[in-house]
2 protein chains.
Amino acid sequence: MMELTRKGEYAIRGIVYLASRPTDQVCLLSDIAAAVDVPPTFLAKIFQQFSKIGLVKSYRGTGGGFILGRPADKITLLDVVEAVEGPIIPNRCVINGIDCDRSSSCNVHPVWMNVQSQVRGILDKVTLKELAEG
Amino acid sequence: MMELTRKGEYAIRGIVYLASRPTDQVCLLSDIAAAVDVPPTFLAKIFQQFSKIGLVKSYRGTGGGFILGRPADKITLLDVVEAVEGPIIPNRCVINGIDCDRSSSCNVHPVWMNVQSQVRGILDKVTLKELAEG
DNA sequence: CCTCAAGAAGACTTTTTTTATCTTTTTATG
DNA sequence: CATAAAAAGATAAAAAAAGTCTTCTTGAGG
């Protein structure tokens, strides 16, 4: 349970690698993929998602590639994980608005809320800078 | 991410319902399934898993059914969730022994360890008694 | 000892999600 | 205009989840 998918793992590996490179250096996707051992086409999809929400900035054409969208200490593990895996929701009940028909009388609900906030809290305190340095 | 499967949801619903019934009363699986709105055949599989590890006690034959394997305040949400979803492992790295080839140099690893222990801690503090009363 | 009422076990099917890959399009450089 | 790169979309294969069906085993009551 609660297992990160391979996509999430690849995402972390890829962007942590990018964070470990010189800030101003544009990285080729194919180089990143090779460095972190991820299928390039799959990593491309992941970086497209990153790009859409500004986690990375992309450049097309000759000399193109990727750099981080903001400083490595302003990107958290939570940002990365939620970018590709979607919001951290241990149970459908936790989704605001779309509450199950049992939610009002459901004692389990607050437990999942707690889990959600704890996990988000942990992931939000870890930045790419820390992960890339170490 | 971290979403409970339907199986996990059903498992919780089913056993919490059982915990809400009189302690000595043997419950028919079909009654439980109807009460918590879960496909009976699917719930049967889940209760078989419960039975194997002693979370519930089963009786076959006429007048058979299920009761809790031990008092409701001695069964935690963690017991229930791990019974059907397997151990709580946010990332493959967390598995002892089977560590990925990056784990030694992997800064993400301790973060997942932390997530794992926090989540387990939360779930382990909630008992079926609390969930069934409320 | 026979019948019936339950759960146990295993095989199987369907559906959904994950994990890719391939092709075409867009954008930028020189 | 040719080439290099990412973006986008379609598709395919594999794995996991969700659910069903059939047969087996156990126990109670007559």
Side-chain angles (χ1 to χ4, degrees), chain A residues 1-15 18 25-34 36-69 81 83-87 89-92, chain B residues 1-15 18 25-34 36-69 81 83-87 89-92:
Chain A
M1 189 216 171
M2 316 203 83
E3 203 161 343
L4 206 64
T5 64
R6 210 169 295 182
K7 186 177 178 187
E9 237 181 273
Y10 291 171
I12 295 170
R13 278 199 229 158
I15 201 167
L18 184 57
Q25 188 182 316
V26 173
C27 282
L28 276 181
L29 183 85
S30 54
D31 289 348
I32 303 172
V36 299
D37 191 28
V38 167
T41 54
F42 199 3
L43 195 65
K45 294 295 178 192
I46 292 168
F47 269 64
Q48 278 175 33
Q49 288 185 265
F50 284 161
S51 180
K52 275 178 191 158
I53 59 171
L55 247 42
V56 302
K57 199 165 180 323
S58 71
Y59 299 94
R60 292 173 159 193
T62 312
F66 295 90
I67 58 168
L68 287 185
V81 168
V84 297
E85 302 264 18
I89 297 167
N91 188 281
R92 291 162 191 81
Chain B
M1 189 215 170
M2 317 203 83
E3 203 161 342
L4 205 63
T5 64
R6 210 168 294 182
K7 187 178 178 187
E9 237 181 274
Y10 292 169
I12 295 170
R13 279 199 229 158
I15 202 166
L18 185 56
Q25 188 182 317
V26 172
C27 282
L28 276 179
L29 183 83
S30 53
D31 289 349
I32 303 172
V36 300
D37 191 29
V38 167
T41 54
F42 200 2
L43 194 65
K45 294 295 178 192
I46 293 168
F47 269 64
Q48 279 175 34
Q49 289 186 264
F50 284 161
S51 180
K52 275 178 191 158
I53 58 171
L55 247 43
V56 303
K57 200 166 178 323
S58 71
Y59 298 95
R60 293 174 158 191
T62 311
F66 295 89
I67 58 168
L68 287 185
V81 169
V84 295
E85 301 265 18
I89 297 168
N91 188 280
R92 290 161 191 82

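By convention in this document, chain letters (A, B, ...) are assigned in the order of the sequence lines, proteins followed by strands, and residues within each chain are numbered from 1.
Proximity of B:Leu29 to B:Phe66: side-chain heavy atoms (C-beta onward) are separated by under 4.5 Å at one or more points. Between A:Ser51 and A:Val56, the closest side-chain pair of non-hydrogen atoms falls below 4.5 Å. Taking 4.5 Å as the limit, some side-chain heavy atom of B:Leu68 sits within range of a side-chain heavy atom of B:Ile15. The closest side-chain heavy-atom distance from B:Leu43 to B:Arg13 is not below 4.5 Å.
Side chain A:Thr62 to base C:dG30: no donor-acceptor pair is found below 3.5 Å.
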Report task. Kindly determine whether A:Val84 and A:Ile12 satisfy side-chain contact (heavy atoms from CB on, under 4.5 Å), including the steps that lead there. Result -> CA-CA 10 Å; A:Val84 297; A:Ile12 295 170; over 6 Å; no
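When the nucleotides D:dA7, C:dA8, D:dG19 are ranked by their closest atom to the side chain of B:Phe42, D:dG19 comes out on top. Nearest nucleotide to the A:Leu28 side chain, out of C:dT21, D:dA6, C:dG7: D:dA6. Here the nucleotide nearest the side chain of B:Arg6, chosen from C:dT21, D:dG19, D:dA6, is D:dG19.
Atom-to-atom, OH of A:Tyr59 to C1' of D:dA7 comes out at 16 Å; the value is rounded to the nearest Å. Here C:dT17 presents its C1' atom at 14 Å from CD of A:Glu3, a figure rounded to the nearest Å. One atom, CG of B:Leu18, and another, P of C:dG7, lie 12 Å apart when rounded to the nearest Å.
Listed pair B:Tyr10 / D:dG19 meets the phosphate criterion, a side-chain N or O lying under 4.0 Å from OP1 or OP2. For the pair A:Thr5 and C:dT17, the criterion of a side-chain N or O lying under 4.0 Å from OP1 or OP2 is not met. Taking only side-chain nitrogens and oxygens, A:Ser51 comes nearer than 4.0 Å to OP1 or OP2 of D:dA7.
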Report task. Any chance you could list the contact pattern along nucleotides 8-16 of chain D? Use B for base contacts, S for sugar-phosphate-only contacts and - for none, protein heavy atoms under 4.0 Å, 5' to 3'. Result -> BB-------
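Listed by chain and residue number, A:Glu82, A:Ile89 satisfy the side-chain contact (heavy atoms from CB on, under 4.5 Å) test with A:Pro87 (two or more places apart in sequence, or in another chain).
Using a 4.0 Å heavy-atom cutoff across all strands shown, A:Phe47 reaches no nucleic acid atom at all. When heavy atoms are screened at a 4.0 angstrom cut-off, A:Phe50 is found touching no nucleic acid atom at all.
The nearest heavy atom of DNA chain C to A:Thr41 and to B:Gly64 marks one nucleotide each, and the one closer to the 5' end goes with B:Gly64.
With hydrogens and angles ignored, the 3.5 Å screen pairs no side-chain donor or acceptor of B:Glu85 with any backbone N or O of B:Leu4.
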